[in-house]
J.: 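Sending over a structure as structure tokens; questions will come in a sec.
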Amino acid sequence: MGSKWKFSTAEGARRKLSLCLLASLSVCFCVCGAEDSAMENIVTEKKAEESHRQDSADLLIFILLLTLTILTIWLFKHRRFRFLHETGLAMIYGLLVGVVLRYGIHVPRDINNVTLSCHVNSSPATLLVNVSGKFYEYTLKGEISANEVSDVQDNEMLRKVTFDPEVFFNILLPPIIFHAGYSLKRRHFFRNMGSILAFAFVGTVVSCFIIGLLMYGCVMLMKQIGQLGGDFFFTDCLFFGAIVSATDPVTVLAIFNELQVDFDLYALLFGESVLNDAVAVVLSSSIVAYQPEGDNSHTFEAMAVLKSFGIFLGVFSGSFALGVATVSLTCPHVTKFTKLRDFQLLETALFFLMSWSTFLLAEACGFTGVVAVLFCGITQAHYTYNNLSPESQDRTKQLFELLNFLAENFIFSYMGLTLFTFQNHVFNPIFIVGAFLSVFLGRAANIYPLSFLLNLGRRNKISSNFQHMMMFAGLRGAMTFALSIRDTATYARQMMFSTTLLVVFFTVWICGGGTTQMLSCQHIRVGVDSDQDNSVSGVFLQIGPDGIERRSTKQESAWLFRLWYNFDHNYLKPILTHSGPPLTATLPACCGPLARCLTSPQAYENEGQLKDDDSDLILNDGNISLTYGDITVSTDATGTRTSGQPVGGINSDEALDRELTFGDHELVIRGTRLVLPMDDSEPPLPRDPRHHREL
């Protein structure tokens, strides 16, 4: 018993010693593990701080670029230099900074980077990595070629200054597109509405297919001579045609505005560029949605083409309806039936948020935000603007003008930067030459045939020098760049993006810089003040063969638009704004309670005053009469004029001359009287029988 007990005691002692050693080791391992975890947290925090500093430095680069651009713009305006617009200047500065970042800054390689191979069928957007029991989340940044794997960290600086393409679509594009619709001069736009719609819709589609067909031939040539390094299908060529058909003549329009070029030419170019951006976005998405049945998704199939066409119509009309309905059903009513105008800051903030939310709502619903926010801007300017306080009217104009300026120059600076910082450029000389040639021919196929057809029905013809100027002014810009950079995953898209950059550079620098010389070469008149153009009254002076000045009218407004104007003036504007006649005067008597409910007290105060700024859009209606002193001149829909009895036996034409030269004349439209003062300092009318001057 004794020996056994001693043995048990010794065994227990050894076990206790073992347990003590294990406990000590466990404590040591726990302490070491805690220390390792603490060290790892410190390293992570340092990396996060370094990343934050790097991001701040990257944003500082763009801020300095914009600052330098603004200072140089001031110098150019002070010296009256017009050969280079601020957008072209921003691109030059972006190029210089891109060269420095590409070849002048070297980030040392981090030895902690590890490259592991994992065979999967697709690239997941989010990756969870298990490192010693801890899970880390990694996001997909894009594909890199095999020969660039070892240089990933060396190019970290370049990768940092590469933004997510969604930044352009969700943050930078909305204020640019909204400002285009909000600042639209509707008088000149609607006077040329038929031509603008033809150039924007028919012309863009024609240009897309002309460019697509020519580029497909170029791709086939590249394939035959062995210059094609990847797949490039006909749908890719059509997609390229769609994105480069989006014109952005911001440089030309800025010079037009400064020189006060003929307002009809300005309206045609501006209206086309505004609408064809929206058409190009929807057209490109419809081409991407082309999906025939079967394994080969790039074969021609009639049903798939019709389906894509249906998608185009559905997306465009849905985006248009969403942009108009969302704003017209919310913002005008809020600003009309509340006292929000007493708090200008809140009023401006609501206007801004409602406008931006229209873009995001359309994108979230599967429509196109560009189309929605464009027509949102037009609707806001037409209805909501009339309900805003004078302070908010000025604030909204200045706010969106500032955002448009900053966003546009930021995009053009980034274009120049991207030429050297983008990691997957594919430059092919044959494709580049083919692209420039096809863009030129596509623009020509858009302008000249459509102008010929439109001139068959226009009284105010699109002259040949206007056509040449529109051909020359087909610059590519922010929309083309944003559409091309949105998807650069494949070989074809990378080649398209690289070529698009060169097309934008050439058109902005060469075509934009040569605008003044082109205006002089085409003998296009400048110094025209569109605000003093009185031709909207439908009356102009024409000198006949006998040398006597005669007045006639021209019928410019389509009957459909006149019907829309009547409906808008009598019903929509009184419902949505304080302008127009009260609903109690336009609705039937049975709708009296509803009319009194929807009519604001301010509308009764404004009764008898012309608050509708669109009355100048209606030309030569059947109920229009011109009163000059004691003489009344009426016009019917055909342009026939009847005159009342002159005073004192004076010839009516002589009395009309006297009243037009020295007095005020009144324009009476459907019972609404508008007094148009004449400028006594106006120069004498020319006596050349071949010339007529519009009043």
Side-chain angles (χ1 to χ4, degrees), residues 76-77 80-88 183-185 187-196 198-200 203 247-276 440 443-456 458-477 506-536 540-542 554 556 682-683 685-686 688 690-695:
F76 278 23
K77 289 184 179 295
R80 298 186 182 276
F81 292 155
R82 296 192 180 97
F83 61 88
L84 187 62
H85 189 251
E86 60 246 27
T87 53
S183 61
L184 184 69
K185 294 184 178 181
R187 183 178 68 182
H188 305 309
F189 177 84
F190 285 112
R191 284 177 58 180
N192 298 276
M193 183 171 60
S195 301
I196 290 173
F199 285 124
T247 59
D248 185 16
V250 57
T251 304
V252 176
L253 292 176
I255 296 176
F256 279 11
N257 190 46
E258 184 179 353
L259 297 179
Q260 293 183 324
V261 176
D262 187 282
F263 47 84
D264 282 329
L265 177 60
Y266 183 93
L268 287 173
L269 270 178
F270 182 77
E272 181 208 2
S273 66
V274 166
L275 288 180
N276 91 328
F440 176 81
R443 182 67 179 172
N446 177 358
I447 298 300
Y448 295 114
L450 283 180
S451 298
F452 173 78
L453 295 176
L454 290 171
N455 282 338
L456 297 178
R458 282 178 62 102
R459 291 180 177 270
N460 185 19
K461 308 296 184 183
I462 304 176
S463 59
S464 59
N465 58 345
F466 278 19
Q467 296 177 35
H468 298 330
M469 193 68 225
M470 293 177 66
M471 171 70 190
F472 183 81
L475 281 67
R476 272 61 178 176
F506 179 84
T507 56
V508 170
W509 288 337
I510 304 301
C511 298
T515 300
T516 306
Q517 291 77 10
M518 189 67 178
L519 287 172
S520 177
C521 177
Q522 296 298 321
H523 304 289
I524 296 176
R525 59 175 181 161
V526 297
V528 180
D529 188 0
S530 62
D531 293 332
Q532 294 180 359
D533 172 59
N534 298 325
S535 63
V536 294
F540 64 91
L541 292 178
Q542 187 172 9
K554 58 179 181 179
E556 292 286 347
E682 185 175 357
L685 297 174
D688 187 355
R690 296 170 300 175
H691 182 80
H692 71 82
R693 177 182 177 87
E694 294 182 354
L695 288 178

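It should be emphasised that the depicted structure is a prediction, and the values quoted were computed from it without experimental measurement.
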J.: Which residue in the set D262, V526, I524, V261 passes side chain to side chain contact (heavy atoms under 4.5 Å, CB included) when paired with F256?
T.: V261
J.: Between S195 and I462, what is the shortest heavy-atom contact and its length?
T.: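 Closest heavy-atom pair between S195 and I462: OG-CD1, 4.4 Å.
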J.: Roughly how far, to the nearest 0.5 Å, is CG of N465 from CZ of R525?
T.: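 Answer for the CZ-CG pair, R525 versus N465, is 11.0 Å.
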J.: T515 side chain to C511 main-chain N or O, any donor-acceptor pair under 3.5 Å?
T.: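 Yes, because the side chain of T515 sits within donor-acceptor range (under 3.5 Å) of the backbone of C511.
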J.: Can you tell me how far CD of Q522 sits from OG of S463, rounded to the nearest 0.5 angstrom?
T.: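 Answer rounded to 0.5 Å: 9.0 Å.
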J.: Minimum heavy-atom separation for L450 to A198, with atom names?
T.: CD1-O, 3.6 Å
J.: Specify the closest pair of heavy atoms between P449 and A444, including all atoms of both residues, with the distance to one decimal.
T.: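 What the structure gives for the nearest pair is CD-O, 3.3 Å.
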J.: Could you tell me which non-hydrogen atom of L253 sits nearest to which non-hydrogen atom of Y266, and how far apart they are?
T.: O-CE1, 3.6 Å
J.: For A200, does its backbone N or O pair with a side-chain atom of N276 as donor and acceptor, under 3.5 Å?
T.: no
J.: Going through the checks in order, is the side chain to side chain contact (heavy atoms under 4.5 Å, CB included) test met by F472 and V252?
T.: CA-CA 10 Å; F472 183 81; V252 176; 5.8 Å; no
J.: Would you find a donor on one side and an acceptor on the other, under 3.5 Å apart, between the side chain of R476 and the backbone of G474?
T.: yes
J.: If you compare all heavy atoms of M470 against all heavy atoms of R443, which two are closest, and at what distance to 0.1 Å?
T.: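 Heavy-atom minimum between the residues: O-NH2, 2.8 Å.
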J.: Looking at CZ of F270 and OG of S273, how far apart are the two atoms once the value is rounded to the nearest 0.5 Å?
T.: 6.0 Å
J.: List the atom of E272, the atom of I196, and the distance in Å for their closest heavy-atom pair.
T.: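 Smallest heavy-atom distance, with atoms named: N-CG2, 3.8 Å.
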J.: Please step through side chain to side chain contact (heavy atoms under 4.5 Å, CB included) for the pair F466 and M471, ending with a clear verdict.
T.: CA-CA 9 Å; F466 278 19; M471 171 70 190; over 6 Å; no
J.: Starting from the C-alpha separation in whole Å, work towards a yes-or-no answer on side chain to side chain contact (heavy atoms under 4.5 Å, CB included) for F199 and L454.
T.: CA-CA 10 Å; F199 285 124; L454 290 171; 3.9 Å; yes
J.: Among N192, N455, D264, find the one that has a side chain to side chain donor-acceptor pair (under 3.5 Å) with N460.
T.: D264
J.: Verify side chain to side chain contact (heavy atoms under 4.5 Å, CB included) between T247 and L475, making sure each step is shown before the conclusion.
T.: CA-CA 5 Å; T247 59; L475 281 67; over 6 Å; no
J.: Between atom OH of Y448 and atom OG of S464, what is the distance when rounded to the nearest 0.5 Å?
T.: 9.0 Å
J.: Are F189 and V274 packed together at the side-chain level, in the sense that at least one heavy-atom pair is separated by less than 4.5 angstrom?
T.: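 Side-chain contact under 4.5 Å: no.
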